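Keep in mind the model is a prediction, meaning the values are calculated, not measured.
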Amino acid sequence: MGRPTRGAPVVRWTSPPNAVARELLGWELRAGEVRVRLTEVEAYGGVGADPASHAHRGRTRRNAVMFGPPGYLYVYFVFGMHWCLNVVCGPEGEAAAVLLRAGAVTAGLDAVRRRRPGARSDAELARGPARLAQALGVDGTANGTSLVDGTGPLVLRPPRRRPVGEDIRSGPRVGVAAAAEVPWRYWLAGEPSVSAYRRHAPRRRPAKVQP
DNA sequence: GATGCGATTCACT
DNA sequence: GTGAATCGCATCG
């Protein structure tokens with residue numbers, strides 16, 4: 001065991017982000033005793049390449065990790081309350097990342113249930129990007145840590161077998177206004193942990209008050 | 001400097 | 001189905 005077998009899953013980090021996203025399906029994230037198998041991910045591109053990406057308009061303090069080497073964790077804060085996890089990919093210097101949208105808890109169920117007391121089923125424990133981060137016990141302090149060398153709180157491990165192509169579905173990214181037609185969301189068919197698709201909801205302007 | 005809204009979730013109608 | 005919570009960043013002045 002442990003000997004690499006022919007055709008064993010590998011992440012080709014410098015591939016385009018949508019290819020990396022596809023490859024990451026089925027991989028397992030380990031955070032201590034807790035393990036989560038990735039069932040849903042989304043790809044985001046770099047400067048000028050993907051209007052939906054945090055890196056589209058260039059480097060900022062928030063997205064700086066996206067411009068670094070692949071295999072690192074990019075964690076960002078959204079809506080003033082939630083953390084979302086990304087795997088940096090692409091060559092160093094070119095910003096790209098894969099948003100981790102959902103997963104199935106395969107170990108450490110009790111610990112995750114304690115972290116997410118509101119969850120009504122185990123499938124819901126890590127369904128949605130902010131829930132996934134909470135299930136793994138990860139927040140902004142993990143931004144910029146490695147996912148592959150064991151120095152960070154999370155470690156990414158390959159699945160025993162790569163998911164077969166027929167089980168992989170793709171479609172538009174969730175909640176994205178720009179480039180809404182780009183099908184860079186990937187998920188595993190039939191997995192109950194996959195989140196529901198929601199189109200970006202344009203906000204209604206508050207009605208003008210007549211004086 | 002002020003304003004508007006987002007790679008979301010949860011409570012509520 | 002809708003709205004609120006609440007912070008960082010882009011945009012406009």
Side-chain angles (χ1 to χ4, degrees), chain A residues 16-18 20-22 24-25 29 36 38-67 72-90 95-103 105 112-144 147 169-187 192-209:
Chain A
N18 58 322
V20 175
R22 244 185 95 99
L24 283 174
L25 285 175
L29 277 173
V36 174
L38 296 176
T39 57
E40 181 189 357
V41 297
E42 285 176 359
Y44 287 88
V47 178
D50 180 8
S53 172
H54 285 175
H56 180 236
R57 297 176 185 280
R59 183 180 180 131
T60 66
R61 191 162 69 216
R62 177 173 69 158
N63 66 24
V65 176
M66 282 183 74
F67 291 79
Y72 282 75
L73 194 59
Y74 165 46
V75 185
Y76 71 90
F77 192 50
V78 72
F79 285 90
M81 45 173 40
H82 297 303
W83 298 100
C84 295
L85 276 38
N86 297 253
V87 179
V88 175
C89 60
V98 175
L99 171 68
L100 307 179
R101 282 203 57 89
V105 179
V112 178
R113 286 176 184 144
R114 281 193 297 274
R115 286 174 183 156
R116 301 216 58 248
R120 294 206 237 88
S121 73
D122 288 346
E124 213 174 55
L125 287 171
R127 180 195 286 155
R131 290 162 164 182
L132 174 64
Q134 201 182 349
L136 290 164
V138 170
D139 63 15
T141 60
N143 189 40
L147 285 161
R169 301 290 144 81
S170 68
R173 293 171 290 188
V174 174
V176 166
E181 76 289 355
V182 176
W184 275 11
R185 172 183 182 231
Y186 300 90
W187 68 92
S193 59
V194 173
S195 69
Y197 175 70
R198 286 187 196 182
R199 183 172 36 116
H200 170 74
R203 300 217 169 174
R204 246 209 59 183
R205 256 196 174 178
K208 221 181 241 176
V209 179

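Using N1 to N3 plus N6-O4 or O6-N4 for Watson-Crick, or N1-O2 and O6-N3 for G-U wobble, each under 3.5 Å, C:dG13 pairs with nothing. Base pairing of C:dT6: no nucleotide in any strand meets the Watson-Crick or G-U wobble criterion (both distances under 3.5 Å).
The interatomic distance linking A:W83 (CH2) with C:dG8 (C1') rounds to 10 Å, in whole Å. Atom C1' of nucleotide B:dT9 and atom NE2 of A:H200 are separated by 16 Å, given to the nearest angstrom. One can place CZ of A:R173 at 12 Å from P of B:dT8, the figure rounded to the nearest angstrom. If you take CE of A:M81 and P of B:dA11, they are 11 Å apart, rounded to a whole angstrom. A:R59 places its CZ atom 18 Å from the C1' atom of C:dA10, with the value rounded to the nearest Å. The distance between atom CZ of A:F79 and atom P of B:dT8, rounded to the nearest whole Å, is 6 Å. Computed from coordinates, the A:R199 CZ to C:dT2 P distance equals 10 Å when rounded to whole Å. Atoms CG (A:D139) and P (C:dT6) sit 18 Å apart, rounded to a whole Å.
Among the protein residues, A:R116 comes within range of the sugar-phosphate backbone only, with heavy atoms under 4.0 Å from sugar or phosphate atoms but none that close to a base. Among the protein residues, A:A177 comes within range of no part of the nucleic acid, since none of its heavy atoms lies under 4.0 Å from any strand.
Under 4.0 angstrom from either OP1 or OP2 of B:dA7 there lies no side-chain N or O belonging to A:R131. At the phosphate of C:dC9, neither OP1 nor OP2 sits under 4.0 Å from any side-chain N or O atom of A:H54. Contact check, A:R101 against B:dT8: a side-chain N or O comes under 4.0 Å of OP1 or OP2. The side chain of A:R127 places no N or O atom within less than 4.0 Å of a non-bridging phosphate oxygen (OP1 or OP2) of B:dT9.
Between A:H54 and A:Y76, the ring planes lie perpendicular to each other; the angle is over 60°, past the 30° to 60° tilted range.
For the pair A:R101 (side chain) and A:V194 (backbone), a donor-acceptor distance under 3.5 Å is absent. Judged by distance alone, the side chain of A:E40 and the main-chain N or O of A:S193 form no donor-acceptor pair under 3.5 Å. When atom types are taken as modelled, the side chain of A:S53 and the backbone of A:G45 share a donor-acceptor pair closer than 3.5 angstrom.
Across the interface with DNA chain B, nearest-nucleotide mapping of A:L132 and A:F77 shows A:F77 to be the residue nearer the 5′ end.
Under the 4.5 Å side-chain criterion, counting only non-hydrogen atoms from C-beta, A:V41 is not in contact with A:V87. Side-chain contact check for A:D50 versus A:V182: every heavy-atom pair is 4.5 Å or farther apart.
With C:dA10, B:dT9, B:dA7 as the choices, the nucleotide that has an atom nearest any side-chain atom of A:H82 turns out to be B:dT9. The side chain of A:R61 lies closest to C:dC9 when the candidates are C:dC9, C:dA10, B:dA7. Closest approach to the A:N86 side chain among B:dT9, C:dT11, B:dA7 is made by B:dA7 (side chain taken as heavy atoms from C-beta onward).
In this structure, A:Y44 counts as stacked on the base of B:dA7 under the 5.5 Å centre distance and 30° plane angle limits.
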